[in-house]
Structures are given as C-alpha cells and as structure tokens.
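Take a look at the structure set out below.
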Amino acid sequence: MDLLSSTKANGMLTTLLESVLPQESRSFLMEPIFVRCVSGFLHGVLLLVMFCSWVRNKLRGTNGFGSVSERLKDRRGFGFKSVLFCCLVLSLLNLVLLSLSGFYWYESDWLDEEKLVSLVGFLLPTVSWGVLSVSLHRCSDYEQRKTPFLLRIWLVFYLAVSCYSLVIDKRHVQLLVYDIVSFSGGLLLCYVAFFKKARGSNNNSNGVLEEPLLNGGVERSDEATPYSKAGILSLLTFSWMSPLIEIGNKKPLDLEDVPQLHDSDSMVGLAPKFRTMLESSSDGGGVENRSGVTTFKLVKALFFSAQWEILVTAFFAFIYTVASYVGPALIDTFVQYLNGRRQYNNEGYVLVITFFLAKLVECLSQRHWFFRLQKVGIRMRSSLVAMIYEKGLTLSCHSKQGRTSGEIINFMTVDAERIGNFSWYMHDPWMVLLQVGLALWILYRNLGLASIAALIATILVMLVNFPFGRMQERFQEKLMEAKDNRMKSTSEILRNMRILKLQGWEMKFLSKIFDLRKSEEGWLKKYVYNSAVISFVFWGAPTLVSVSTFGACILLGIPLESGKILSALATFRILQEPIYNLPDTISMLVQTKVSLDRIASYLCLDNLQPDVVESLPQGSDIAVEVTNSTLSWDVSSENPTLKDINFKVLPGMKVAVCGTVGSGKSSLLSSILGEVPKLSGSLKVCGTKAYVAQSPWIQSGKIEDNILFGKPMERERYEKVLEACSLTKDLEILSFGDQTVIGERGINLSGGQKQRIQIARALYQDADIYLFDDPFSAVDAHTGSHLFKEVLLGLLSSKSVIYVTHQVEFLPAADLILVMKDGRISQAGKYNDILSSGTDFMELIGAHQEALAVVGSVDTNSVSEKPAIGVEEVAIGFDVKQESQDLKNDKPDTEETKRQLVQDEEREKGSVALDVYWKYITLAYGGALVPFIVLAQILFQLLQIGSNYWMAWATPVSKDVEPPVNISTLMIVYVALAVGSSLCILVRATLLVTAGYKTATELFHKMHHCIFRSPMSFFDSTPSGRIMNRASTDQSAVDLDIPYQFGSVAITVIQLIGIIGVMSQVSWLVFIVFIPVVAASIWYQRYYIAAARELSRLVGVCKAPLIQHFAETISGSTTIRSFNQESRFRGDNMRLSDGYSRPKFYSAGAMEWLCFRLDMLSSLTFAFSLVFLISIPTGVIDPSLAGLAVTYGLSLNTLQAWLIWTLCNLENKIISVERILQYASVPSEPPLVIESNRPEQSWPSRGEVDIHDLQVRYAPHMPLVLRGITCTFKGGLRTGIVGRTGSGKSTLIQTLFRIVEPSAGEIKIDGVNILTIGLHDLRLRLSIIPQDPTMFEGTVRSNLDPLEEYSDDQIWEALDKCQLGDEVRKKEQKLDSSVSENGENWSMGQRQLVCLGRVLLKRSKILVLDEATASVDTATDNLIQKTLREHFSDCTVITIAHRISSVIDSDMVLLLSNGIIEEYDSPVKLLENKSSSFAKLVAEYTARSSSSFD
C-alpha cells in the first residue's frame, strides 16, 4: 500500500493556480511530494536554528537549547503544558507514519526517489519536534521571555504549509488525520507565541507572585526532588528511583530517607488549588456556599485540579491500547510466512522488529500510564483529606452531634483512600469501547461478518453485568454504613476502656462490637459472593465470545484457517483484559460513587455561624457585651439553652458564673466563643480570647509543645507561667522534664496535672479575655487556692476573666457574679449585693455553709492556725498512670528507665515472615480449601490451552489444505472444553471468596478479643489511632483485597507456567534465554523488594499519626478555634498528609522501576523466540503450533510483569495481616474467672480490706509509685484518702481493682486474696464512681444498666435517689431517651449523677469514690454525700476527694505522701494534733473557704 500516491486536487485552489502558473508548475505544486519537500525543508531550518542556539549557549556556558525553547514556556501553566504535549504528539505521529511507510514500501522498491523524499519528509519533523520536546522539558523552570521574532515567522510558515497540505492530501485517511493534527498544532503554537505571552506578562503580578501566599508561606518550590530534576531518559526508565532503592538495599528505610514531594504533588500546592476549584464550582463561590457541594461539583473540582495528568494518562492509555493490538493483527501474516508464503525479502525480520517495537511502545506507555495514574490518586486523596480536615475544624456542634468522630475519621481513612484508588480505573470505561472497537476491526479483517456475532456476544456479557452492578452498589453502601456504626462504637469504647475495665463491662461491650460486625459480615458475605458470580460471568465471557464467533463462521460458510483462528484467539486474549477488569471497574465505580456521595453530604453540613460574635475594634472600653441574647445548641428546639442573657464585662473585670448542675454555665462561656447558634440579640467581644475547658483537652506530644501551643518560646514568661500553675515541681520530678511525651488525651497525667497544663497553655497565649470553665475542681484545695491567687489575681490581674466555679469561696473576689438557673441569669451583681437580693444564690451559699459546718463540727479550733502556703510543702508528682513520681532516694539513672511512655509505632523490619502467609492461608478451615482453589485454576488453564491447541491443530493452515476433522467435531469438542473451563472458574471464584470471608472473620475476632483482654497499660501506651487504623484500614484490606491478591498470584503463576509450556513445545531453545531472564527478574525483584517493603510499612506507620491528629482536632476543635490556631493545625495536617503521601508516591515509582526492567527482559525473551522461529527452515515446525506459541508469547511480558507486581502487591498488602496479628498476640490480663477459685456468691459480706506491704510500679522500667503500704479498711466504715496531687491516691484504687498488678505485697477482701480470683469476680463485686464521669452513646437505660440485670422500677428508683428522676421524666422517651457520643447532650454534673445511679443500682458492699464530686456544685455534692450516707451506711466507702468536706465526716482518714502512709487515724484524733499534715490541710481549706481573695 502506498500512503503517498499522488492526488489531483480541485476546487478554488486549482482554479487559482491555473490562472497564475503554467501547466507543469501547476501539476508539481498540486503533488503531495511538493508538500513533503517544503515541510522537510522547514523542519530542517528549525533543527539548524536549534543546533546553532545550542552551540552558542554552550560557548557562553549556559544550558542547551534554552534560547528557543524557554520562550515557549509559560511558567508550567496551560501554555507550556499544551506546547509540550503538542510537540510530543507531532513527533510521535511523524514516527508512526515513518514506520508504517517504511514497512509497506520495504516489500516493493526502496529506490523510488519520491518515496525516499517522503521518508525524509517524515524523518525531519520526527527529529525536530522530538528535540524541541526534550529541550522544552529541560528548560521547564526557566523564566518566561518573549517568543523570538524568527520563531514566530517560522510558526506562521508552518501553519501556512499545514493548511496547504490539508487541501492537497484528501484521498488517504492517514494523511488527512496527519494534516488535521499538524494544522491544529500549528494553530495552538501560533496562539501561544503571539497571544499567550502578552496575557501572561500582564497577569504576572497577580499570578506567580501570589503563589507563595496561597501556599501558606511554606517555601518549598525551590527544593528539587529526584522526580522533578530527572532528565528525559531517567524519567523514561524510572532511573530517578535507583538511589532510593539502593539505600533500601543497604539499610531499612526510614521516613527521613524518603525524599520530599514536589509542590505540585504535595498539600502545599494541592489544597489551595482544590479549594479554589471547589468554591468556583459551587454557585457564588466562597466558604459559606460550600453547603451547596454536590457529588458532581466534587468530581468536577477533582478533575480540574489534576486535569493535565489525567489527559496525559489518557494519551498513554490510548498509545498502549493501540500498540497491544499490533501483535494480534500480524499473527496471520506471521503464520503464513512460516507456511512459506513470503511477500518480500527479509519479511520475517521486518515482522520480528515490528513485534518488538510494538512491545517496547506498549511497555513504555503502560509503565508511565500506571505511574501517573497513581500520582493522580495521591493528589486526589490529599486534596480530599485537606477539605475533610478543614470541614472538621469549622463544623457546628449540632452537625457534629449527627456525625461521630469515628464516622468523620472514616471519611479520611476509607472514603478519601478509595477515591484515590479509583484513579487506577478512571480510563477503563472509554478504553473498553476502544479495545472492543480495535478487536472487532481485527476480527472483521480475518473473519468478515462473523465479527458481528463477537460484538453481540460482548454486548450481551456486558449487559448481564448491570443487575449485578446495581446489587454490588447496594451491598457496598450497606457495608459502609455497617462499618461506620462499628467504627463509631469502637472509637467510643477505646476512649473509655478504663471505665469498662473498672466496672467489669469490657466483654459486654466486646459482644456489642461483635454484633455490629455480624451485621457488617452479612453485607460483606453478599458483596463477595456477588463478586464471585460477576467473576464467573466475565472469566467465561471470552469463551462465550469465541464460541459465538466461530459458530457464526461455520453458519456463514467463512473458511476457518489456523492463522485467522490464532489471530482471533490472540484478539480474544487481549479482549479478556477489559472484560475481566470490567466487573472490578464497575465495582470500583460503585464504591467511589458511594464514597463521593458520603464526602459531599459531609461537606454540606452546617458550619459554625460566623456572625454569632461581633468583634469590637482594639482599644474599646468594653471587653464583652451580651444584649438580649437567646441562644440554643439545637436551633429547632422550643426550649432554648440560654434565654434573655444580658451582661457587660469591662476590661480588667473578674466575672464569676455559678449555679446548679445543668443551669447553662458552660453554655454561657461557649456562646462567648461563638460556639452556640444565636437566635436573637447581640454578643460583642473585644480582643483575643483564651479558653480553659471543663474536660481537659491535651494533645499527644511534649508538655512544652502543649503549653507553647504554637507561640515562640520566651523563657522568662514560660517560667513565670509554670510557677503560677504549680508545674515546676512536677517537671523536675519527670525524667524528661517538659520534654516528656504525653500519651493520647493525656493518659499519663493525673486529672489535676492535665487541668494545670491547660491553664498554663491559656496563660502563655497572653490573650485579652480569659474564659475558665471550672478548672479548680480537678485540683486539691491547696493547689486550687494557689492557682486562684497566682493566676486570676496575679498574672491576670489586668485581664478580663470570666470563670465558672462551684467553689463559693472564689466568688467574693469577683467584680460581678452571674447566678445561672434554667438557662437564665437569675441574679447578677457583687457578692454582698446579691447575697440579700434573691434565693438562688442563698441556696448555693447555704450549701457551702453546711459543708463548712461539717468540718467545724469535727474540730471547732481547726481555723485558728493558718499555715503559709509554701511550695516546699507540696509533693506533686504523677498520680495516675505511668510517669509516676521519681523519689529522691529512688531516682533511676539507667538508660532503660529513661524511656518515654508512648513509643513510635512498632513496625517489622525485613521481609514479611513466611509464618504470616502460612497463618493467613491456614486460618480458614485449616487451609483445606486452598488445594481445591489451585486445582480448579490448573484445570481451567489446561482446558483453555487444550481448547486453543485443538482449534490451532484442527483447522487448516490455508484453504488448499484438507482439515483433519469435520466442522461439527471441531465445534463440539471446542464447546465442551469451553464449558469445562467455565465451570472450573465458578468453583475457583466461590471457594476463593469463601476462604477469604472466613479468614477475615477469624482475624477480626482474634484481634478484637485480644485487644479487649489486654491490660490497661497497653491502652495507656498505645494511641487509639493505631488500633483504629488496624480495625478500619487493615481490616478493609483483609475483607476485600487480600483474598483476591492471593488468588491473583496463584492464577498468574499457573498462567505463566502454561505459556512457557506452550512456547517450549515449539521452541525448547526459548529456555536458553528464559532461564537467565527469570534469574535476572528474580534478582531485580529481590533488589527492589527491600526498599518497597519498607516503603509500604512506612505508609502504614505514617497513617496512624494522621488519623490521631484528626481525631484530636475534632475533639479539641472548640479549644483550637478559641485560640485562633486553625491555620497552624491545617499546616500540621498538611505535613502529616504529605508524610503519608511520600512513601506512597515513591512506592509507586519503585514498582514501575521494577516493572519497566521486567518488561524489557520478557520482551527480549519473546523477540528471541520469534527470531528462532523465522530462522529455522520451512516445514520443520507446524506453522499452526508456532502461531499458537506466538499467540501465548504476546502476553508473556504482561504476565511476567503482572506476576511480580501481584507478588509485590501481596507482600505490601499482607503487611495488613502482619499488623493485625501483632495486636492479636498482645499479652492478656489475668483470667476473668478462675473456676477452681471462685468466691462465694455473698462475698464480700463484711467489706473489710486488708492491705499488706503493697508495692506498685507501672512498668518494670519505672520506679515504685506505692512503696510498702500496710493498712486495714474496716468493714462498714467510711475511709477518706487525702494527699497532695500525685501522692499515689488513685494508684491505690487502681490496684484494688487490679487495673495495675502489685509488684509485691497483697490485698485481701474479707480474707480472700484478690490476686487469686478472676478479674470479673473482683470488679463486678466492687463499685466505683470514677473521676471522669462517662456516658456511652445509647439510651439512659443502657447507660445505667449495660448488663441488663435490673428492672425499670429499680432503674427509676436509682434515678430518683440520685436526683435525676425528674430530669429524665421531662424527656419524651423517658428511659429510652438518647445519649449522644460521650454523653455530650448531658452536662458534666448530670453525667456524674448518672455514675452515682449506677452504684445505687449495683449496691456493692465496697464503694470507691475517686474525686467523684469534682464536677458538681457544692449543693449537689452535699446531696450526693447525703444519698451515700443514707444508702451505703453499712458499706465500706473509700473516698478520694479534694473537698475536705467530702472526707471530714469519714470514720478514718488515710493521708498519703510520696507513695507511703504519712498518717492514718480518725479525723478527730488527727485534728487534735495541730502539727499533723491533715490538720494543716483542713486549716488551709477552711481559711481559703472563709477568705474572699480580695
């Protein structure tokens, strides 16, 4: 075929030429040869100019082709990218036409001058556009300059020639396409050269210079990464990854070894761009309109934020698809060649070169297509994470109640991840159409109209999938809902594990998790079995298509020849890929749609009202002014939270807020922060705010970082703050001082220490207005006095302070007191003014006087001595948990002792142990299904090869050869083999999903059972993010990915063995190359896997901090907003997200580095076998069988690369199993029940607690917290335990419940050694009201009686006793009234009363109160004490309290100091001795309570 036969043009151009030129000239100018000459000359001129430019720049010492190419550059904007893309397309198009022309002319005459000119005409553009592309890429960071005059003239000529060529070349489709592309390219280049520059320069000040501002001031753009600075050859071959892979071979990779991301791939560049895209797609733009985010707008923003990469990957996918069909198209020609039909000399070598070049292009395009797809995925995930995080920071409290933190975390960990993974599938829908189109074209060339049967069969198979696809979508949605519910409960349970263990409820809550998982498993089962049916349909699809096609050939009388059959079979094999992948694509489309819907609905949730608080200008004479304000947490509620609020705070004023439990005190502070939606009125605030919440919010990290909270270190101010907050001594005691790492939610700090760190954080901010939400209740009397004096009256003497307090003694110092009742301010004024003006305040004062009277009745003389508050008296240390006090005479100096509580997350090093694979394979039914799965696949492969072998052998090579069997036998045998292979697939798919489902279930139960049975120390040292990561991401991988990865490896190995078997049948010499190639492949794989494995582990390890930071942000969003720290937290999220993306990006690069090299090796194997086949004489080998070998050999490189890819992917994914097994082997607590030693049903009957030489340390490497305590708590007596913060009070209680096991000594209750009985036998017989009041999501009933042991009447009785009966009766659903996550819809005091209700129901003989009344006002405290005295008069009551009134009427008082008993006697006797420590504490309390701090 001659592509360039001359064409006689007509029309206007012909008429014009006839009137101007003579006949000879006219005919020459109308010939395509003339156009080729002019085009070649023009491109030659361009090459010459570029060469001269290069020489000149070399002589000047600057870079290569810069002067020409850099001027087409537009700061990596649209202009630059489009020019580079255009140049690449023109170069490749010329290369394709050059190759095709050479191939077709080779068979005839090489010496034809016209054709030689045409070849040169294609060669020069190929080279010149290629060189321009390379130089443009190398100059991509140069500054934009004006396009040179000569270059613009050249582009005008080029456009004119392209236009002329378009008119002349009208007969050949190939040339018409070429001319259209050339003309379009010329237009684009002229536009960029003449117009784009002017517009770019005008906007430069608004574009480029604004970039760093968008990036939040993070200057990273100059930092060259291995990828961004790589040359064209390095990019093509992925050699830029070699240094990192080499490091990975020398040592296990750490995050520091992994290079940074370029700005275009990091959050720095992506987040602002995506935000802008999303806001511009929402009508009107702006953050406030983000409530209009729809799934479509989200998709649109995602597309436009990565459009360049998506278009480039589409181009690579197109090139790959076309190249992959070159082989099947040429098989018939190759079989005919082997049969002796030669069309021209050296035809065999031309065929081999064409096969090899097609493989090369296929390999290169596929590798870069895959890599860039993963880049797109990383970008999409990062962009979504940024938006989800930002939304989490601005979410209103009402919206937050509808979405728990577990659900919101799932958006980040599961949904954003899935949308990122969808990038793999984004081009599949249109590629299926292209692949089917190309396949039909090849089939039509070989089999004529029978190809219509193939089309109908393909469409039928695809239509069958639709109902399955819809079902898959529904199952996926339900699965995600069930997973959300489970993660929500898991998150809440992990947060409150200490309470569950103290109450002995952990197994009940584990069964709740198992019930939720059971519901999830129901949908998972439907999902995986549905996918097994889809797998069967599509694996059987190519067989159905081939049977239909060959059947149609027989019916239509089309002769079946082996060459045509093999070409069709090769086409079906390639068609298998889109058809196999279609179910995955549909499934992924479905999952991604669900995830996009979920994220869009989350982004539509209401933000905080921005206009609740009006900011006054600096220097205003008002600090806070609230006028006629009505506010409500729930806007739709008929009963607002705060009604008709009016008060004014002047600069420097101290305002106290008091009132009973649930009166709206905390809500009042929240309204000043702008957290409560406003219904009417106005709130005005002047200046910056600092807030101290009632429940301490502490970030995991160093103590110093918690106090500085983003501010620079000023040592003098820092020391003052520490001193004022009584933290200096605490820090001296710690091994690491203020560098001590705090565990999650401050787990290794006592309640008082957390509160004081919060206060220090607020003080260090040096704000104008301070809001304190009852911070003094969590500290002892002495520390509370010190804080009030040093903080409120000292450092903050000139600041405006609004403080909520239950301690009446802190009220006289206030300039204004607001008394709250039922959401209103019932009284307001100075202490003495309101004392006589109303009853509400008098009630509070009366309760306080009553408490003082109790103290006074014990010893009337206790006030006479008022000790000085000296810091030297204070023995502060770590009370609760690990970092305990470090005594002077027991100070550990060894390195082992100096160890932080929270260590970096553990990760395995080196290869994943074979034991992990073995455990996974044998977990389901002892591995019994595995042999059957492998056997089914082997049978399928044998039947497939058998059917293809049968078709190749039983059909003639050409029309003139007699077929060995008749047509009916041919089809019957083929259909029988095809049906057999399909049944094998059904068996394999069903068994595979059955084994995978069972294994996932077993792993889930193992890990969760082990976690719930692990000791409290495990939860103290393990951030919940790590456990959540395993329960969500890793469990998802086990549920949905890993079974298919194992199946994929087995399938690919069996297929590869089959291919090598077929090829060796024809050419055993292939082993000469195949064996060294396999050896080289294995070496490459081993060289690569060391780095890839660690990168994959880093991905897992870097995800937990991201989740944890997000979880902390959600729980502390009020504090973050109050300090105006949102931008800093966004920056931290960006840094952590990039830390997660980095190993992911380089892991993708490493994978393609390996696959490129393996593709090259397998292409060499294939080329060698082809050369061998064309080298042997005709007739030695059956052409049909040789064609069959080539048919299978075409997929050799794909399969070999796929095998290594699936092996590596499996090793990367199996890390999820490794991580789950890590937590499935955590050491357990002692048994819950010891059957051989169960206490009697009535135990404990007396409630006597006998402690003998008790020594406790939290870990072997830590010092003793309790150092040899010996005492007896008599049965039926009330014992109060007092001591400075950190003296070991709470540790003693934890040891009593065996939350901490003693190092030495024993505790006996009624003569039974508690170490010898089961934990549940102990914990269920004791009662405790803990320091942190906890409620769980559910109902009032489930919170009081989670074990469902009591009747409704008993529950109502308990509610009435703890003064909550009336409150619950007010609610519509009574006992079934809802309790939100963490009991957020109940006040702190009400939660404490619920805890009281629990112990009233339980009625244990021993009751422990661990600072149980810290969160309630004095009146409620008195009420609780009265209730306890009334209902627990015959019980042993052990009370830890900061309020002396709570312990003063105890029968005995135990005073602890530094882990030893300092005093233990009755309060009366201790108070008689004025020098006793207890007497001093009481004197201090009464003195403080009587003073006004004025």
Side-chain angles (χ1 to χ4, degrees), residues 623 651-655 687-693 696-699 701-734 736-740 742 746 749-750 752-776 778-803 805 810 813-814 868-878 1119 1122-1125 1128 1284-1286 1484 1488 1491 1493-1494:
M653 266 179 79
K654 305 289 176 285
V655 179
T688 55
K689 302 180 289 287
Y691 171 61
V692 177
W697 178 73
I698 302 289
Q699 261 190 296
K702 294 176 188 167
I703 290 175
E704 182 189 278
D705 295 339
N706 265 284
I707 295 172
L708 297 181
F709 207 56
K711 290 269 186 183
M713 167 62 85
E714 289 178 33
R715 184 54 64 182
E716 191 180 339
R717 177 148 63 108
Y718 182 73
E719 296 296 342
K720 269 188 193 171
V721 167
L722 292 183
E723 192 62 45
C725 296
S726 302
L727 282 168
T728 313
K729 278 288 172 70
D730 294 62
L731 299 182
E732 283 173 9
I733 287 163
L734 298 176
F736 294 89
D738 61 2
Q739 300 303 302
T740 299
I742 300 171
L749 297 174
S750 70
Q753 285 165 327
K754 283 190 271 190
Q755 198 62 277
R756 282 180 285 133
I757 286 172
Q758 269 214 126
I759 296 169
R761 174 171 65 207
L763 287 181
Y764 193 80
Q765 295 300 305
D766 194 26
D768 300 317
I769 300 163
Y770 282 81
L771 306 172
F772 289 102
D773 194 353
D774 196 19
F776 310 113
V779 295
D780 58 51
H782 168 83
T783 313
S785 306
H786 178 83
L787 285 172
F788 192 80
K789 193 172 178 183
E790 296 297 323
V791 175
L792 265 77
L793 305 181
L795 287 179
L796 300 181
S797 56
S798 62
K799 306 281 187 182
S800 305
V801 182
I802 303 174
Y803 60 97
T805 184
F810 293 144
I869 299 172
V871 178
E872 67 276 359
E873 288 182 13
V874 189
I876 303 167
F878 263 14
T1119 303
S1122 68
F1123 286 99
N1124 291 324
Q1125 293 281 329
R1128 181 169 71 86
R1284 307 290 189 197
T1285 303
E1484 185 183 302
R1488 185 189 76 172
S1491 72
F1493 287 98
D1494 271 336

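Heavy-atom basis, side chains included; hydrogens, waters and symmetry copies ignored.
- With no hydrogens or angles considered, a side-chain donor-acceptor pair links Q758 and R761 at under 3.5 Å.
- Interatomic distance, T805 OG1 to F772 CZ, rounded to the nearest 0.5 Å: 11.5 Å.
- Of the possible polar contacts, one joining the Y770 side chain to the A762 backbone as a donor-acceptor pair under 3.5 Å is found.
- Of all heavy-atom pairs spanning D768 and G687, the tightest one is OD2-CA, 3.1 Å.
- Minimum heavy-atom separation, I759 to P775: CD1-CB, 3.8 Å.
- Side-chain contact check for R717 versus D766: some heavy-atom pair is nearer than 4.5 Å.
- Taking the six-membered ring for Trp and thresholds of 30 and 60 degrees, F709 and W697 have ring planes more than 60 degrees apart, a perpendicular arrangement.
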Begin from the C-alpha positions of E723 and K720 and carry the test side chain to side chain contact (heavy atoms under 4.5 Å, CB included) through to its verdict.
CA-CA 5 Å; E723 192 62 45; K720 269 188 193 171; 5.7 Å; no
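- Here M713 contributes atom CE and E704 contributes atom CD; the two are 4.0 Å apart, rounded to the nearest 0.5 Å.
- Closest approach of D774 to Q755, counting heavy atoms only: O-NE2, 4.3 Å.
- Across all non-hydrogen atoms, the minimal contact from S800 to A623 is OG-CB, 3.3 Å.
- Among all heavy-atom pairs drawn from A724 and L795, the shortest one is CB-CD1, 3.6 Å.
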Worked check of side chain to side chain contact (heavy atoms under 4.5 Å, CB included) between I757 and K754
CA-CA 5 Å; I757 286 172; K754 283 190 271 190; 5.9 Å; no
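- Under the 3.5 Å distance criterion, the side-chain polar atoms of Q765 are matched with a main-chain donor or acceptor of L708.
- Remark: side-chain polar atoms of K799 are not paired, donor with acceptor, to backbone N or O of L792 under 3.5 angstrom.
- Summarising the geometry of A814 relative to Y803, their closest heavy-atom pair is CB-OH, 3.5 Å, with the distance given to 0.1 Å.
- Without hydrogens or angle criteria, S798 side chain to G652 main chain gives no donor-acceptor distance under 3.5 Å.
- Atom CG of L787 sits about 7.0 Å away from atom CZ of R756, to the nearest 0.5 Å.
- In this structure, the side chains of L763 and C725 come closer than 4.5 Å at one or more pairs of heavy atoms.
- Under a 3.5 Å cut-off, the side chain of S1122 and the backbone N or O of A690 do not form any donor-acceptor pair.
- Under the 3.5 Å distance criterion, the side-chain polar atoms of K654 are left unmatched by any main-chain donor or acceptor of L793.
- Remark: side-chain polar atoms of Y764 are paired, donor with acceptor, to backbone N or O of E714 under 3.5 angstrom.
- Note that CG of N706 and CD of Q699 are 6.0 Å apart. Values are rounded to the nearest 0.5 Å.
- Under the 4.5 Å side-chain criterion, counting only non-hydrogen atoms from C-beta, L722 is in contact with I707.
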